[in-house]
Amino acid sequence: MSAENQIERHTLSILVDNEAGVLARVIGLFSGRGYNIDSLTVAEVDDQEHMSRITIVTVGTPPIIEQIKAQLGRLVPVHRVVDLTVECESVERELALIKVTGKGDARVEALRMSEAFRARVVDATPDSFVFEITGNTEKIDAFIGLMKPLGLREVSRTGAAAISRGPEAM
Amino acid sequence: MDKQLNGAQIVLQSLQDHGVEHIFGYPGGAVLPIYDEIFQQESIEHILVRHEQGATHAAEGYARSTGKCGVVLVTSGPGATNAVTGLTDALMDSIPMVCITGQVPTHLIGGDAFQEADTVGITRPCTKHNYLVKDVNDLARIMHEAFQVATTGRPGPVVVDIPKDIQFALGPYMKPKAVKHKSYQPQIKGDMAAIKQAVALIANAKKPVFYTGGGIINSGPQASQLLREFVKLTGFPITSTLMGLGSYPSADKQWLGMLGMHGTYEANLAMHDCDVMINIGARFDDRITGTLDKFSPNSKKIHVDIDPSSINKNVMVDVAIVGDCAHVLEDMLRVYKSDAVTPDKKALASWWSEIEGWRDRKCLAYKKDEKAIKPQYAVERLYELTKGPDTFITTEVGQHQMWAAQYYRFEDPNRWMTSGGLGTMGYGIPAAVGVQVAHPKSLVIDIAGEASVQMTMQELSTAVQYRLPIKIFILNNEYMGMVRQWQELLHGGRYSSSYSEALPDFVKLAEAYGATGIRAHTPGELDDAIKRMVDTPGPVIFDCVVTKDENCYPMIPSGAAHNEMLLADSEGLDIEVSDAGKALV
Ligand SMILES: Cc1ncc(C[n+]2csc(CCOP(=O)(O)OP(=O)(O)O)c2C)c(N)n1
Ligand SMILES: [Mg+2]
């Protein structure tokens with residue numbers, strides 16, 4: 001398979017005007033053109049200038065990723081699109097809340113694992129825990145995988161937030 | 001302090017400040033305050049259409065024939081939804097348009113109020129940008145932004161949705177130049193390094209071809225001028241897409257004719273065999289490229305486009321230049337001249353002799369008929385009897401559109417209005433209305449099909465009302481000919497629902513509207529009838545009865561390459577279209 005057809009995973013940071021409908025424009029672009037969204041986070045990051053930052057994790061071949069960036073750049077309220085996967089070194093974090101139920105050995109094992117992963121217990125009952133864990137997506141995937149046989153009940157994830165390393169800002 | 005106006009006045013004031021002289025619209029409850037303001041002023045003329053789709057296509061015709069922004073005004077709910085086809089059409093063909101839609105009052109939004117529709121939601125994917133105005137204090141800025149976004153960069157339609165209470169509310173007005181957009185800044189100048197690379201490729205080309213498109217027209221008459229100069233200077237052959245016709249004079253010997261699915265043999269083969277392709281303002285649309293993996297396999301490709309997302313979208317190119325065609329052409333010319341480039345005369349001569357060989361194939365030749373009018377002949381005669389710098393052609397969609405593109409010839413930009421990207425039947429009459437509003441003294445002809453024309457026939461009433469002498473020249477083959485052709489070639493001749501049954505008597509129909517009807521059945525009467533049409537002072541429907549089973553050639557069948565095209569005299573040959581090809585449109 002040539003590099004052109006290789007599916008890659010990219011994290012994009014998009015700075016937008018925080019105006020009505022801007023998220024719908026971004027999501028509509030992905031659905032309308034058949035692009036993938038693995039995760040998406042958004043929140044206002046500058047309340048003076050009313051700017052929001054959207055982090056999208058997407059997968060596609062290199063030409064498709066280039067198209068996605070160009071199409072995003074074309075949206076009128078978009079200020080900047082940065083591909084954190086190729087343009088710089090970056091850190092990526094996601095937060096997840098994970099509910100595990102059970103008694104006995106499984107419960108003890110779950111708690112032991114949570115310590116190894118530096119997850120925090122944010123709620124506990126005699127037969128349940130809610131763990132809070134932050135990390136990159138792979139770490140959270142791994143933790144969830146370990147919890148499955150130990151009584152995993154439900155998961156709530158924020159999706160990735162990401163930022164470049166070093167002093168430069170986008 | 002800024003002047004206080006009500007919302008409707010702000011709308012009118014901003015239209016005036018953007019030099020708007022005509023708007024196309026249809027009233028309704030949610031835009032009555034704006035109509036009231038229109039009533040009380042004289043600088044802007046409102047053209048009342050018969051259907052909101054008509055308003056949008058009229059605005060497109062107006063825009064494309066003048067280079068100005070088309071303006072549309074419609075009411076909420078059904079007014080807005082009826083405008084969707086024309087908005088999509090304008091988006092696909094990059095036509096500058098501002099469409100003002102009324103909306104139910106802000107406090108009713110979301111409550112399923114009478115004639116409420118989520119207009120910004122519905123039009124988000126079919127506009128370049130859209131706005132819902134929730135505060136009258138934003139209205140002037142939004143109106144100015146709307147014009148800026150619609151007319152700059154890659155042009156396109158912009159919707160401004162204005163709730164009725166905002167039209168009554170008082171707010172400030174500031175002039176357009178006080179508004180500067182924070183994030184929207186299209187790139188106009190091309191990158192010099194890329195331009196130099198392009199010129200280097202051009203300098204060494206042995207088998208070059210210019211492939212130009214609607215971007216030249218959108219860039220303005222200057223782009224056409226510069227293109228002509230560059231093409232002359234290089235001596236290279238040039239072809240163009242459907243949307244680019246007129247940017248280079250068809251009478252010139254370097255002109256190869258249109259390319260693409262129904263393009264000429266010489267244009268398509270030149271594209272296939274070239275070693276350097278210079279794409280200026282075209283977007284490698286699938287009607288042009290055919291099957292991508294067989295598209296011009298051995299060429300280096302240069303692509304000039306104002307829209308970065310057009311670059312490498314369908315076809316990977318070697319040199320990409322993002323910028324406005326006129327600016328980039330100017331820089332290219334300057335570099336070309338200062339580098340004192342001399343094209344490889346010998347290589348060019350042999351390239352041209354190859355091209356002449358293809359030309360000799362006379363791909364647009366067709367069998368003449370003594371008794372019946374061939375559609376190609378009808379367009380040829382129409383061209384001979386109406387050509388001139390003051391003639392504007394619009395079309396509907398189908399075979400007649402392709403015959404118009406092939407047999408009508410254009411020497412100047414902005415004379416040819418057709419729905420290219422969306423292929424909207426029903427475009428032609430309202431577009432002709434818009435063109436005629438902008439050019440009241442010119443000859444405006446819609447080359448039409450009998451099926452398409454019935455989609456927006458009611459706009460003839462608009463033409464009659466405003467004394468717009470448009471000529472609707474119907475190539476009446478009693479079939480949705482293009483559908484019939486595909487069914488013949490790809491679906492075993494099973495003509496499923498493509499016969500135009502129960503056709504109206506177009507002559508009587510014209511008369512019913514207060515227009516003139518003319519009919520021609522035979523080649524012998526055609527010329528006189530066309531002359532009568534041209535001499536008629538008002539609108540005319542010309543019912544040109546043509547042979548029913550004509551196919552439009554040349555044709556690149558779906559799934560085939562440029563060098564696998566069907567020509568008229570290969571008719572009857574079994575064409576093989578792969579299943580994959582059949583699945584394409
Ligand atoms: C609104 C719309 N609906 C359907 C089509 C599909 N279509 C393309 S060409 C065509 C037939 C057009 O027939 P006519 O106007 O008589 O033109 P002809 O091909 O016969 O010249 C149809 C149905 C279309 N392009 N637009
Ligand atoms: Mg027909």
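In what follows, every heavy atom counts, from backbone to side chain, and hydrogens, waters and symmetry copies are set aside. In what follows, chains carry the letters A, B, and so on, assigned in the order in which the sequence lines appear, proteins first and then strands, with residues in each chain numbered from 1.
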Any [X] side-chain heavy atom under 4.5 Å of [Y] side chain:
X: D17(A); Y: S183(B); result: yes
X: I311(B); Y: E66(A); result: no
X: N130(B); Y: R25(A); result: yes

For atom [atom1] of [X], decide whether the heavy atoms of other residues, nucleotides or ligands shown that lie under 6.0 angstrom number more than 12.
X: K182(B); atom1: NZ; result: yes
X: D293(B); atom1: CG; result: yes
X: E138(A); atom1: CD; result: yes
X: K134(B); atom1: NZ; result: no
X: K99(A); atom1: NZ; result: no
X: K313(B); atom1: NZ; result: yes
X: L111(A); atom1: CG; result: yes

Legend entry - Largest heavy-atom contact set with chain B, pairs under 4.5 Å, which of A20(A), G28(A), A24(A), G73(A): A24(A)
Inset, instruction - Pick out which of R33(A), R74(A), K69(A) makes a side-chain contact (heavy atoms from CB on, under 4.5 Å) with S309(B). - result: R74(A)
Legend entry - Which atoms of D307(B) approach chain A - backbone, side chain, both or neither, heavy atom under 4.5 Å: side chain
Legend entry - Structural part of V149(B) lying under 4.5 Å from a heavy atom of chain A: side chain
Inset, instruction - Let me know if V76(A) has heavy atoms under 4.5 Å from chain B in its side chain, its backbone, both or neither. - result: both
Inset, instruction - Give, for atom CG of L75(A) and atom NZ of K128(B), the distance between the pair rounded to the nearest 0.5 Å. - result: 11.5 Å
Inset, instruction - For P77(A) and H129(B), work out which heavy atoms get closest and say how close. - result: CD-CE1, 3.7 Å
